[in-house]
Structure formats: structure tokens, C-alpha cells
Amino acid sequence: FFYVGAQIGVWSFTIRLVMQETGRLEAAASSIYLISIIGHCLSRFIYTGLMRWFSPSRLLTFGGVMSALLSLTVVLSAGTGWICITSLVLISSFMSLMFPTIYGIALTGLGDDAKFGAAGLIMAILGGSVLPPLQASIIDKGELFGMPAVNVSFILPFICFVVIAIYGQRTYLRSKGKL
């Protein structure tokens, strides 16, 4: 739920944020969106290679922490242009392994209940229809706390990525018998 909501929110408002930060028109800003999607795809290979040395739950925790920090940077770097945009693009790279990793971790050990669990996980894509409208309602305010509301709206993906990082860390600790 939280991952899909964050991903759709980040990707839905990338062009709008780039337009605001650079003053570019939509067509020019969409090239930044394309770069973030390419980064997302390439990072999948990097993360998969890293699974030789790191557990999926550790990588999930790392990706969640990095995405949360970058989301916070987007919020706090309003008006800085390329710092904000670079942070936004990098979020996509750190998101690349989240959904398949969450899916795999959640189904581990379910046995005969794996089909039921998988159905529940698929229904969690509802986050993509609940959280982005909440983010849009923040953006509609125009300005909040003296900052552009489009930047402030990235507090919602920040919260989602914190939840994901906590899930990854708890999964890791549980696998080590520490929880």
C-alpha cells in the first residue's frame, strides 16, 4: 500500500515539480521524468547484483531510508533547482527493488496460504489510488509554510518510505532472531 502510493505520487508529480524548479515547459520537463524511469530500470540490475552480498531485507531498508532522505531533500530544497531535481530523480533509482522485494518477503513462509497472501498484496495497489490524491490536495494549496506546496507534498512519500524502511528493518531483525 505505502510503496505503490509513494511510487505513483513521486512519478505523478515529477513533471510538475521540474516545471516549477526550472521554469521549463511540460515537454522539456518530461525529459527529466524519462531519466528517472531509465534510472529506475537500470537500478533494478544493480540491486539484483547486490543481492549476492546483502539480504533483500537489508537492501529494502537501505532503499527506504535513501528514498525517505531524498524525499525530505525535495521538501526542504524548494527553489534550489538541480539539487531538488537530482534528489527527485534518485528516488526512482532507490525505489526500483522495493515492490518485488516487499512481495517476496511478505510471501516467504506462507506455504499453502501463499495464493491468499499474494491476492492481498495485489489488492495493496490501492495505495496508488488513495495516496496520490492526498498529495494532490496538498499541492492544490499553492504554498505552505512559505514553500511551494508541490515540494511540501513530498512529505507524504517521505512517510511512506519511512514505513517501508521500518518494514525492511523489522524483517531483517526477525530473520536474525532479534525480534
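Values reported hereafter were calculated over all heavy atoms of this structure, with side chains retained and with hydrogens, waters and symmetry mates removed.
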Can you name the closest pair of heavy atoms from [X] and [Y] and give their distance?
{"X": "T73", "Y": "S87", "result": "CG2-OG, 3.1 Å"}
{"X": "I122", "Y": "I125", "result": "O-CG1, 3.0 Å"}
{"X": "S71", "Y": "I91", "result": "OG-CD1, 3.6 Å"}
{"X": "Q169", "Y": "T61", "result": "N-OG1, 2.9 Å"}
{"X": "V75", "Y": "F154", "result": "CG2-C, 3.7 Å"}
{"X": "E21", "Y": "G81", "result": "OE1-N, 2.7 Å"}

Note to self: Counting C-beta onward and ignoring hydrogens, is there a side-chain heavy-atom pair between V163 and Y167 closer than 4.5 Å?
What the structure shows: no

Next item on the list: State, yes or no, whether a side-chain contact exists between M51 and T101 at a heavy-atom distance under 4.5 Å.
Entry: yes

Out of curiosity, does [Y] fall in the hydrophobic cluster containing [X] (side-chain heavy atoms, cut-off under 4.5 Å, transitive links)?
{"X": "F116", "Y": "L121", "answer": "no"}
{"X": "F45", "Y": "F94", "answer": "no"}
{"X": "L72", "Y": "M98", "answer": "yes"}
{"X": "I83", "Y": "V89", "answer": "no"}
{"X": "Y103", "Y": "Y47", "answer": "yes"}

[atom1] of [X] to [atom2] of [Y]: how many Å apart, nearest 0.5 Å?
{"X": "L97", "Y": "I102", "atom1": "CG", "atom2": "CD1", "answer": "9.5 Å"}
{"X": "E26", "Y": "S31", "atom1": "CD", "atom2": "OG", "answer": "11.5 Å"}
{"X": "L156", "Y": "F161", "atom1": "CG", "atom2": "CZ", "answer": "10.0 Å"}
{"X": "N151", "Y": "L88", "atom1": "CG", "atom2": "CG", "answer": "9.5 Å"}
{"X": "L59", "Y": "I46", "atom1": "CG", "atom2": "CD1", "answer": "12.0 Å"}
{"X": "K141", "Y": "I139", "atom1": "NZ", "atom2": "CD1", "answer": "12.0 Å"}

Check: Hey, mind stepping through I32 and I85 against side chain to side chain contact (heavy atoms under 4.5 Å, CB included) and telling me if it holds?
Finding: CA-CA 8 Å; I32 302 296; I85 292 168; 3.7 Å; yes

Next item on the list: Would you mind listing the cluster partners of I38? Hydrophobic ones only (ILVMFWY), side-chain contacts under 4.5 Å, chaining allowed.
Entry: L34, L42

Margin query: If hydrophobic residues (ILVMFWY) are linked whenever their side-chain heavy atoms come closer than 4.5 Å, directly or via other members, who joins M123 in its cluster?
Written below: none

N/O donor-acceptor pairs under 3.5 Å from side chains in residues 4-18, not counting sequence neighbours:
| residue | atom | partner | partner atom | Å |
| --- | --- | --- | --- | --- |
| Q7 | OE1 | Y3 | OH | 3.1 |
| W11 | NE1 | S92 | OG | 2.7 |
| S12 | OG | I8 | O | 2.6 |
| T14 | OG1 | V10 | O | 2.6 |

Notebook entry, point to check: So with a 6.0 Å cut-off around CZ of R170, is the heavy-atom count from everything else above 12?
Noted result: no

Check: Around atom CZ of F2, are there more than 12 heavy atoms of other residues, nucleotides or ligands at under 6.0 Å?
Finding: no

Checklist line | Short side-chain to backbone donor-acceptor contact, S43 and H40, under 3.5 Å | finding: no

Next item on the list: May I ask you to decide if G64's main-chain N or O and S67's side chain share a donor-acceptor pair within less than 3.5 Å?
Entry: no

Check: Can you check side chain to side chain contact (heavy atoms under 4.5 Å, CB included) on Y172 and L60, steps first, answer last?
Finding: CA-CA 9 Å; Y172 176 74; L60 179 62; over 6 Å; no

